[in-house]
Amino acid sequence: MIRTVIVDDEVLATIGLKSMIDWQAYGYEIVGEAGDGEAGLATIRRILPDLVITDLMMPRMNGLEMMRKALSEQPGIRFVVLSGFNEFDLVKQALRLGARDYLLKLSLRPDTLIDTLSVLRREIHSETDEGATSRVVSEGLEIRRELRHAFEGVVESLPLLYALRNAGIPDDAGMRVLMTRVVLRDSPGDLDGESGSALVDMIGKLAGEFGPAFCFRWDYSGFALLVAGDTERSPAPDREEAVAIGESIVQLVAQYLNLDAAVGISDPAVAPGDLACAFRQAEQAVDRSFYVGFGQVYTAPEPVPVQMPVPLSERPSLEALVEQVVSARDHVKLAMSFSRLLARIRDARTPRNEALEEACLFLTLIDARLGEPWRESSERKALELHSQVFRVRTFEELAGFVDHYRDLMETHLAQPLDDHQDIVSKAKQYIAVNIRNRVTLHGTARHLHVSAGYLSTLFPKVTHTRFLDYVNQAKVREAQEMIRSGRYRISEVSEALAFQTPSYFSRIFRRFAGCSPSTFARRVEMGEDPQDENRDSI
């Protein structure tokens with residue numbers, strides 16, 4: 001097992017990372033955690049891990065300083081850094097220090113994490129082999145990273161050109177993207193790491209018979225295949241040829257691997273800058289299998305403009321609804337909220353990954369509101385929330401999982417609240433009601449007829465969040481809604497939420513929202529609202 005330490009000052013982020021995948025199934029063991037750089041350095045010195053996954057922005061000692069000191073003492077430790085969208089300068093510094101990879105914290109998905117861990121595992125296990133093996137692994141990681149960036153619309157011409165060359169794609173070749181999604185026939189699930197690697201090789205070799213091709217694992221059950229044309233004959237494989245490749249893949253995995261597959265095919269990409277649009281076409285095409293079924297090849301729909309992912313429009317209202325129904329333990333509204341979630345996904349024909357992300361967000365919000373007693377219950381632990389959700393093959397299976405989660409949670413909610421849960425639940429209700437007033441620990445404790453010391457100790461045990469942090473998080477959520485409404489100036493928001501000074505308000509807002517209030521307001525005004533993605537961590 002690869003001994004792993006997680007260093008992050010956000011408790012919920014650490015919990016989410018730990019529960020995102022079955023770490024042991026991929027050869028990793030989480031042997032330690034720390035909440036800031038100083039504690040992280042002490043933990044590294046004590047445990048001597050193989051891998052450290054660390055946030056960059058932390059109190060007391062940031063992730064970069066912790067890396068410098070740890071690597072000066074133990075050069076063999078590997079680091080993967082977690083970053084926000086506005087921290088790329090810090091990421092570059094971390095990579096120069098020797099970080100093996102970086103993960104975008106707010107959009108991290110299980111498949112991205114697994115892809116990184118799989119590469120690192122092979123690198124670590126091959127460390128005693130000849131140096132050429134490590135170079136090949138490292139080169140493969142670079143190719144996949146640049147192609148991922150290109151597919152996501154982040155194109156840097158020179159690195160992408162080198163990546164395409166290293167993947168065997170000629171500079172002037174036209175290309176098509178084929179997205180293959182596979183599932184086990186006997187049960188919902190995904191391939192393990194070794195089987196996935198074997199399938200990457202198999203698909204790549206099959207497509208290579210038609211022309212230059214490069215395949216890599218995209219997520220739990222998806223494989224991205226880039227096929228180039230013979231530039232002396234045609235700018236890209238024609239549609240019939242691409243469909244033939246897709247049909248061969250479907251037949252191959254069914255015959256030899258007992259897998260069902262669906263393949264989505266893009267229109268031609270004439271230049272590297274067209275890859276993002278092509279990938280989205282292939283992804284949209286294969287996503288039809290989520291609602292229609294597997295065993296088919298789906299061609300691209302009408303050309304779509306390149307769009308970066310946007311926050312799900314109903315995320316704020318879902319969060320508010322979760323807070324309301326869980327706090328009130330209202331079973332009728334709870335059932336309605338689950339039905340509303342599934343109906344929204346079904347009626348909008350939401351793309352598979354986005355549908356699964358929305359379902360995970362919704363259930364994670366409920367986990368956070370129900371607190372440790374629910375998360376630590378045997379029923380909840382058996383669910384393996386993120387890994388099971390991202391393994392579902394169809395919308396019907398997603399609906400079945402969500403219904404199963406709801407049944408288990410309703411049984412949990414039907415049980416009497418113990419004294420600790422009851423006190424914390426009432427404290428949250430008091431904070432929500434008085435969010436525009438000055439909320440203090442002593443004032444809340446006095447309202448609940450308990451001591452401030454008792455509430456101060458109890459609150460983080462149940463919520464994994466300090467009382468003051470919870471209050472400030474709630475106030476930042478309210479501030480974001482006030483700014484979105486367009487009816488308040490920044491100074492009025494600060495005053496309305498009873499912050500001591502505008503500068504203190506700005507500092508708290510930046511901490512929990514990732515940018516200043518004025519920057520947030522400008523982005524809202526311009527039609528951008530990236531900080532809405534932070535709402536599941538606030």
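Every heavy atom of this structure was used, including side-chain atoms; hydrogens, water molecules and symmetry mates were not.
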Test item: T457 side-chain N/O and G453 main-chain N/O as donor-acceptor pair under 3.5 Å: yes

H447 side chain reached by N434 side chain, heavy atoms, under 4.5 Å: no

Candidate pair R78 and I2, rule side chain to side chain contact (heavy atoms under 4.5 Å, CB included), full reasoning: CA-CA 11 Å; R78 288 167 171 79; I2 297 172; over 6 Å; no

Side chain to side chain contact (heavy atoms under 4.5 Å, CB included) involving L468 - partner list, sequence neighbours excluded: N472

Side chains of R68 and Q93 in contact at under 4.5 Å (non-hydrogen atoms): yes

Spacing of M1 atom CE and I30 atom CD1 [to the nearest 0.5 Å]: 11.5 Å

Heavy-atom check, side chain of R477 versus side chain of F512, under 4.5 Å: no

Nearest-0.5 Å distance, CZ of residue F459 to CD1 of residue I431: 4.5 Å

Flag side-chain contact, heavy atom, 4.5 Å: I44 against F79: yes

Backbone of R121 reached by a side-chain donor or acceptor of Y28 within 3.5 Å: yes

Any donor-acceptor N/O pair, Y470 side chain to H464 backbone, under 3.5 Å: no

Rounded distance (nearest 0.5 Å) linking atom CZ of R340 with atom CG of D347: 12.5 Å

R507: partners by salt bridge (Lys or Arg N to Asp or Glu O under 4.0 Å), with sequence neighbours left out: none

Verdict with supporting geometry, Q284 and D287, side chain to side chain contact (heavy atoms under 4.5 Å, CB included): CA-CA 5 Å; Q284 285 183 3; D287 271 345; 5.5 Å; no

F467 vs V424, side chain to side chain contact (heavy atoms under 4.5 Å, CB included): CA-CA, chis, key distance, verdict: CA-CA 10 Å; F467 179 86; V424 170; over 6 Å; no

Nearest atoms (heavy-atom pairs only) where G40 meets V7: CA-CG2, 4.0 Å

Candidate pair R522 and S518, rule side chain to side chain contact (heavy atoms under 4.5 Å, CB included), full reasoning: CA-CA 6 Å; R522 284 197 301 272; S518 57; 4.1 Å; yes

Side-chain donor/acceptor of T43 to backbone N/O of A39, under 3.5 Å: yes

Gap between atom CZ of R466 and atom CD of Q473 - 0.5 Å precision: 10.0 Å

F395 backbone acceptor or donor facing R346 side chain under 3.5 Å: no

Any donor-acceptor pair under 3.5 Å from R3 side chain to I47 backbone: yes

Test item: K475 side-chain N/O and L497 main-chain N/O as donor-acceptor pair under 3.5 Å: yes

L117 and I21, any side-chain heavy atoms less than 4.5 Å apart: yes

Set of residues satisfying salt bridge (Lys or Arg N to Asp or Glu O under 4.0 Å) with respect to E492, sequence neighbours excluded: R489

Heavy-atom side-chain proximity of D101 to L120 below 4.5 angstrom: no

Minimum heavy-atom distance D8-D55, with the two atoms named: OD1-OD2, 3.6 Å

Where K18 and I6 come nearest, the two heavy atoms and their spacing: CG-CD1, 3.7 Å

N62 side chain to M57 backbone, donor-acceptor under 3.5 Å: no

Where P110 and M20 come nearest, the two heavy atoms and their spacing: CG-CG, 3.5 Å

Rounded distance [0.5 Å steps], CD in Q281 versus CE in M179: 13.0 Å

Pair listing, salt bridge (charged side-chain N to carboxylate O under 4.0 Å, His left out) test, anchored in residues 508-520, at least two apart: D469-R511

Any pair counted as salt bridge (charged side-chain N to carboxylate O under 4.0 Å, His left out), so long as it reaches residues 430-447, sequence neighbours left out: R436-E478

Closest contact, heavy atoms only, I77 versus P49: CG1-O, 3.7 Å

Contacts of type side-chain hydrogen bond (donor to acceptor under 3.5 Å, both in side chains), residue Y405, not counting sequence neighbours: D367, W374

Closest heavy-atom pair and its distance - T54, G63: OG1-CA, 4.2 Å

Nearest-0.5 Å distance, CD1 of residue I53 to CG of residue L113: 6.0 Å

Any side-chain heavy-atom pair of V11 and T465 under 4.5 Å: no

Side-chain donor/acceptor of S456 to backbone N/O of A452, under 3.5 Å: no

Any D403 side-chain heavy atom under 4.5 Å of L342 side chain: yes

Whether F505 and F499 hold their rings parallel, tilted or perpendicular, with breakpoints at 30° and 60°: tilted

